[in-house]
Amino acid sequence: MDLIEKLNSSLMIPVWKERDLSVLDKICSPTVDVRTTFVTGQGIEAAKESVSVLFQAFPIFDLTVEEIIQQGKSITYKWSAIAEHGGTILNIAPTGKRLHFHGISFLEMDHGLGTKYHSFSNMPQVLYASCSTEEEKSKEPLASFPNYTLLLDHENYEKEISDLLFIIAKKTDTRLTRRELECLN
């Protein structure tokens, strides 16, 4: 079984297709470090919240893993998703629009359990662009983001970014788009 099939069968299909969050109890360390576009925290509940936030805002969220790289205990994957905006997120009321997102995720495993899950995307920018009125745009959806000083002060942040870029360059012939680099930073 190749890495994408293994990732799909153990994580992507149960969580993203079947919406079975109990899978996270089995594959996450109790102290998993979670840093996503919408949630920053520690533990399995933070991992569940990072997914629940999306499910509440997007009743349809069809995620596809496009590329995957493994180096030692680390798995990095590039993903895209087609989602229907049906719930409030970032102070943006549901638009009912089908939106297309891109992101990159980093998963670190130790003894079969996820110890780090960092995932960032262009969701805020796409959501903001989907607002139809100036009133909606003036609500400053980005103000409700998690406190990024936690992430930026994280002692390994710069090393993680440079390691990730090195892995991508070394293992693939694919370059990140300018937007993917912006999301990563």
Side-chain angles (χ1 to χ4, degrees), residues 4 6-68 73-92 94 99-110 112-128 130 141-154 156-157 160-161 164 179-180 182-185:
I4 289 181
K6 188 174 181 180
L7 187 65
N8 276 331
S9 66
S10 65
L11 176 66
M12 298 304 177
I13 291 172
V15 173
W16 295 102
K17 304 274 188 225
E18 299 167 1
R19 297 187 175 217
D20 181 4
L21 299 184
S22 69
V23 170
L24 298 175
D25 293 322
K26 300 171 195 159
I27 63 171
C28 290
S29 160
T31 59
V32 62
D33 178 41
V34 177
R35 296 173 190 274
T36 70
T37 305
F38 303 104
V39 175
T40 298
Q42 296 278 315
I44 294 171
E45 290 309 311
K48 287 180 179 180
E49 181 186 357
S50 73
V51 177
S52 295
V53 163
L54 295 178
F55 289 163
Q56 290 168 11
F58 304 102
I60 296 171
F61 196 90
D62 187 18
L63 186 131
T64 303
V65 174
E66 295 176 355
E67 294 184 51
I68 189 166
K73 298 177 185 180
S74 302
I75 299 170
T76 303
Y77 56 95
K78 179 180 166 185
W79 57 267
S80 65
I82 302 290
E84 185 176 296
H85 186 200
T88 301
I89 191 166
L90 294 176
N91 294 326
I92 299 173
L99 304 172
H100 189 207
F101 304 117
H102 295 278
I104 190 164
S105 297
F106 171 81
L107 179 62
E108 187 170 278
M109 304 293 286
D110 190 22
L113 294 176
T115 57
K116 282 186 185 178
Y117 176 68
H118 297 184
S119 184
F120 300 95
S121 70
N122 67 344
M123 283 186 203
Q125 293 78 10
V126 171
L127 284 163
Y128 185 70
S130 76
L142 301 181
S144 63
F145 261 77
N147 182 349
Y148 279 104
T149 56
L150 279 174
L151 178 62
L152 295 175
D153 291 341
H154 182 58
N156 296 318
Y157 174 75
E160 287 177 9
I161 297 296
L164 183 58
R179 182 68 202 131
E180 289 166 338
E182 287 174 12
C183 290
L184 186 61
N185 282 320

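Please read these numbers as outputs of a predicted model, since none were measured by experiment.
Rounded to the nearest 0.5 angstrom, Leu127 CG and Ile92 CD1 are separated by 4.5 Å. To the nearest 0.5 Å, the span separating CZ on Phe61 from CH2 on Trp16 amounts to 5.0 Å. For the atom pair Lys116 NZ and Cys28 SG, the distance stands at 14.5 Å (nearest 0.5 Å). Taking CD1 of Ile75 as the reference point, atom OG of Ser105 lies at 11.0 Å (rounded to 0.5 Å). The CD atom of Gln125 sits 11.5 Å away from atom OG of Ser130, with the distance rounded to the nearest 0.5 Å. The CD1 atom of Ile27 lies 9.5 Å from the CD1 atom of Ile44; values are rounded to the nearest 0.5 Å.
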>> What verdict does the side-chain contact (heavy atoms from CB on, under 4.5 Å) test give for Phe58 and Ile89, after you've listed the backbone C-alpha separation in whole Å, the side-chain angles of each residue and the deciding distance to 0.1 Å?
In response: CA-CA 9 Å; Phe58 304 102; Ile89 191 166; 4.3 Å; yes
> Can you check side-chain contact (heavy atoms from CB on, under 4.5 Å) on Leu63 and Phe101, steps first, answer last?
Replying inline: CA-CA 9 Å; Leu63 186 131; Phe101 304 117; over 6 Å; no
>> Test side-chain contact (heavy atoms from CB on, under 4.5 Å) on Val39 and Tyr117; report intermediate values, then the result.
In response: CA-CA 11 Å; Val39 175; Tyr117 176 68; over 6 Å; no
> Does the pair Arg35 and Phe106 meet the rule for a side-chain contact (heavy atoms from CB on, under 4.5 Å), with working shown?
Replying inline: CA-CA 10 Å; Arg35 296 173 190 274; Phe106 171 81; over 6 Å; no
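Heavy-atom minimum distance, Gly43 versus Val34: O-CG2, 4.1 Å. Across every non-hydrogen atom of Glu108 and Ser74, the tightest pair is OE1-OG, 3.9 Å. Closest heavy-atom contact between Ser80 and His100: CB-NE2, 3.8 Å.
Remark: the backbone N or O of His102 is paired with a side-chain donor or acceptor of Asn122 at under 3.5 angstrom. Distance alone, capped at 3.5 Å, places no donor-acceptor pair between the Thr64 side chain and the Glu66 backbone. Looking at Ser29, its side chain never comes within 3.5 Å of a backbone N or O of Leu113 through a donor-acceptor pair.
Here the side chains of Thr88 and Pro94 are in contact, with some heavy-atom distance below 4.5 Å. Between Asp62 and Lys17 there is a side-chain heavy-atom pair separated by less than 4.5 Å. Using a 4.5 Å heavy-atom threshold, the side chains of Val15 and Leu21 count as touching. When side chains are defined from C-beta on, Phe38 counts as touching Met123, because their heavy atoms get closer than 4.5 Å.
Judged purely by distance below 3.5 Å, without hydrogens or angles, the side chains of Thr37 and Ser121 pair a donor atom with an acceptor atom.
Other residues, nucleotides and ligands contribute only 12 or fewer heavy atoms inside 6.0 Å of the NZ atom of Lys73.
Checked options Thr76, Thr36, Asp33, Thr40; the residue passing with His118 is Asp33 (criterion: side-chain hydrogen bond (donor to acceptor under 3.5 Å, both in side chains)).
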